[in-house]
There are 2 protein chains.
Amino acid sequence: MSSTPQGARARARIEVTAAIKDEARRQLAAEGAAKLSLRAVARELGMVSSALYRYFPSRDELLTALIIDAYNSLGEAAEAAHDAVADAGHVRRWIAVCEAVRAWALGHPHEYALIYGSPVPGYTAPQTTVPAAARVGLLLIAIVRDAHQGPGLTNSPLPADLHPEADRMTADLAPDLPPEAVTALVASWAQLYGLVGFELFGQFNRVVEDREPFFRHAVERLAHGVGLK
Amino acid sequence: MSSTPQGARARARIEVTAAIKDEARRQLAAEGAAKLSLRAVARELGMVSSALYRYFPSRDELLTALIIDAYNSLGEAAEAAHDAVADAGHVRRWIAVCEAVRAWALGHPHEYALIYGSPVPGYTAPQTTVPAAARVGLLLIAIVRDAHQGPGLTNSPLPADLHPEADRMTADLAPDLPPEAVTALVASWAQLYGLVGFELFGQFNRVVEDREPFFRHAVERLAHGVGLK
DNA sequence: CTAAAAAGAGAGCACTGCTCTTGCTTTGGA
DNA sequence: TCCAAAGCAAGAGCAGTGCTCTCTTTTTAG
């Protein structure tokens with residue numbers, strides 16, 4: 001009986017795959033997705049570039065792996081920040097998640113750009129990324145749900161032409177919540193990334209200087225907008 | 001006396017420069033910024049790639065020219081949409097500008113990605129782009145200013161720790177407006193691009209289906225958020 | 001023990017941005 | 001009017017890229 005369940009080869013494959021991703025992530029963090037080079041990764045790992053194709057069939061596949069990891073890293077950061085204030089009020093929890101997203105983005109700008117910036121060259125995200133991408137959204141939904149089951153939500157009514165879509169979204173995302181809240185939640189979710197992206201991509205340069213209080217206030221208003229109080 | 005003021009050479013230079021930009025814009029619209037190739041542009045124009053460097057010293061310089069054009073194109077679209085409803089109420093004018101931004105983005109996805117997506121490979125936008133980039137922002141400020149001088153604005157107060165930054169932004173952007181409105185305006189400006197970007201970059205896939213009413217409602221709420229009524 | 005599968009190495013293709021040198025043409029001053 | 005200077009096009013070439021193909025070696029599994 002062997003101590004390496006699937007054999008040494010399978011074990012090595014896992015390690016090499018991880019090493020490739022690590023080195024790729026290093027280059028991504030250092031230079032951005034566009035300058036991520038398979039040949040450079042292979043060179044740094046002491047292997048020849050063609051050998052790398054045994055692990056990732058193309059550059060896009062490597063990027064996809066990095067994208068999923070980035071979504072999960074962001075999701076974990078947001079979840080950790082939320083859990084740290086799980087006892088606090090719903091607005092405070094909402095703010096904590098938003099600030100965690102911003103902090104993660106500022107700490108991993110190229111990875112953030114990879115997942116929330118413009119998609120890389122002709123690249124379209126495969127279905128595989130969906131579960132990881134949803135983590136932050138699910139967190140926000142959970143906060144709003146807690147508030148709904150606790151102190152309740154205060155939402156303004158929706159226009160008539162939005163009722164069908166609002167009901168559809170609600171059925172898909174959170175059937176137990178009022179459509180007004182779900183609609184506001186989805187919009188706030190997108191708006192959060194507008195705030196983060198503008199800061200990260202330099203649109204706030206020479207416009208907003210002291211960004212923490214600005215961001216905090218903005219996401220607090222988002223929280224009120226979804227009905228939290 | 002010559003009919004070509006600066007000589008035929010200067011005239012030709014202008015035409016060739018325009019032809020290069022046109023062809024580059026075509027490739028940008030077709031394939032995205034990352035696949036924009038100087039060699040392909042030159043090839044399509046029947047010139048050799050090295051000749052192109054007489055007009056643009058590098059690929060980044062070409063991209064910068066396209067970025068400025070894109071900002072101006074977006075700005076013009078927004079201004080035209082605004083002027084078409086200049087007599088309507090402030091909220092309606094605000095919505096018109098936002099919807100013009102969205103429509104332009106959906107019609108020019110790669111150009112939108114170029115200016116509001118993640119900045120291209122290690123590329124940092126030069127100062128030259130600033131005036132063009134400000135056009136939509138100035139339009140939104142103008143609407144809020146009109147409202148302020150007309151029916152007035154209704155804003156909620158700011159937290160104390162935001163006062164310094166809010167006053168600074170107000171002095172920079174619109175000294176005649178209340179800091180509460182300016183702060184909300186800047187945040188809404190960023191949030192608008194969050195809504196547009198999420199739709200454009202596929203984050204709304206399988207989440208929001210009927211996007212026009214959703215977007216319209218969201219930006220109407222933004223309008224109320226900056227104090228318009 | 002052996003056939004099959006997996007992995008690495010290397011050469012090569014087509015492409016990229018960019019530089020440099022070589023000629024030709026237009027320009028502007030003496 | 002002539003002539004040097006500047007502007008421009010063309011071609012070759014460099015270093016780099018993603019990716020494919022073939023060949024050899026190593027490991028696995030029957």
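So you know, we letter chains A, B, ... as the sequences are listed, proteins then strands, and number each from 1. Just so you know, these numbers use all the heavy atoms, side chains as well, and skip hydrogens, waters and symmetry mates.
Between D/dG7 and B/Tyr55, no contact under 4.0 Å exists linking OP1 or OP2 to a side-chain N or O.
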key: Trace of the salt bridge (charged side-chain N to carboxylate O under 4.0 Å, His left out) decision for B/Arg26 with B/Asp22   = CA-CA 6 Å; B/Arg26 266 202 51 247; B/Asp22 283 353; over 6 Å; no
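Atom P of nucleotide D/dG16 and atom CD of A/Glu44 are separated by 13 Å, given to the nearest angstrom. In this structure, CZ of B/Phe56 is placed 14 Å from P of C/dG17, rounded to the nearest angstrom. Separating the CG atom of A/Leu52 from the C1' atom of C/dG10 is a distance of 15 Å, rounded to the nearest angstrom. The CZ atom of B/Arg11 sits 22 Å away from the P atom of C/dT25 (whole-angstrom rounding). Across the protein-nucleic acid pair, A/Leu45 atom CG and C/dA7 atom P stand 15 Å apart, rounded to whole Å. In this structure, CD of B/Gln27 is placed 13 Å from C1' of C/dT16, rounded to the nearest angstrom. One interatomic measurement links the two molecules: CD1 of A/Ile14 to P of C/dA7, which rounds to 11 Å at whole-angstrom precision.
The aromatic rings of A/Tyr112 and A/Trp104 lie tilted to each other, with the angle between the two planes from 30° to 60°. Aromatic ring orientation, A/Tyr193 versus A/Trp189: perpendicular (interplanar angle above 60°, classes split at 30° and 60°).
Each of A/Arg25, A/Glu31, A/Glu23 was evaluated against A/Gln27; a single residue qualifies, A/Glu23, per the side chain to side chain donor-acceptor pair (under 3.5 Å) test.
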ask   = If the sugar-phosphate is the primed atoms plus P, OP1 and OP2 and the base is the rest, what is the B/S/- string for nucleotides 17-23 of chain D, using protein heavy atoms under 4.0 Å?
value = BBBBB--
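Considering CG of B/Leu52 and CD1 of B/Ile20, their distance stands at 4.0 Å, rounded to 0.5 Å.
A salt bridge between B/Arg102 and B/Glu99 is absent, with no side-chain N of the basic residue lying under 4.0 Å from a carboxylate O of the acidic one.
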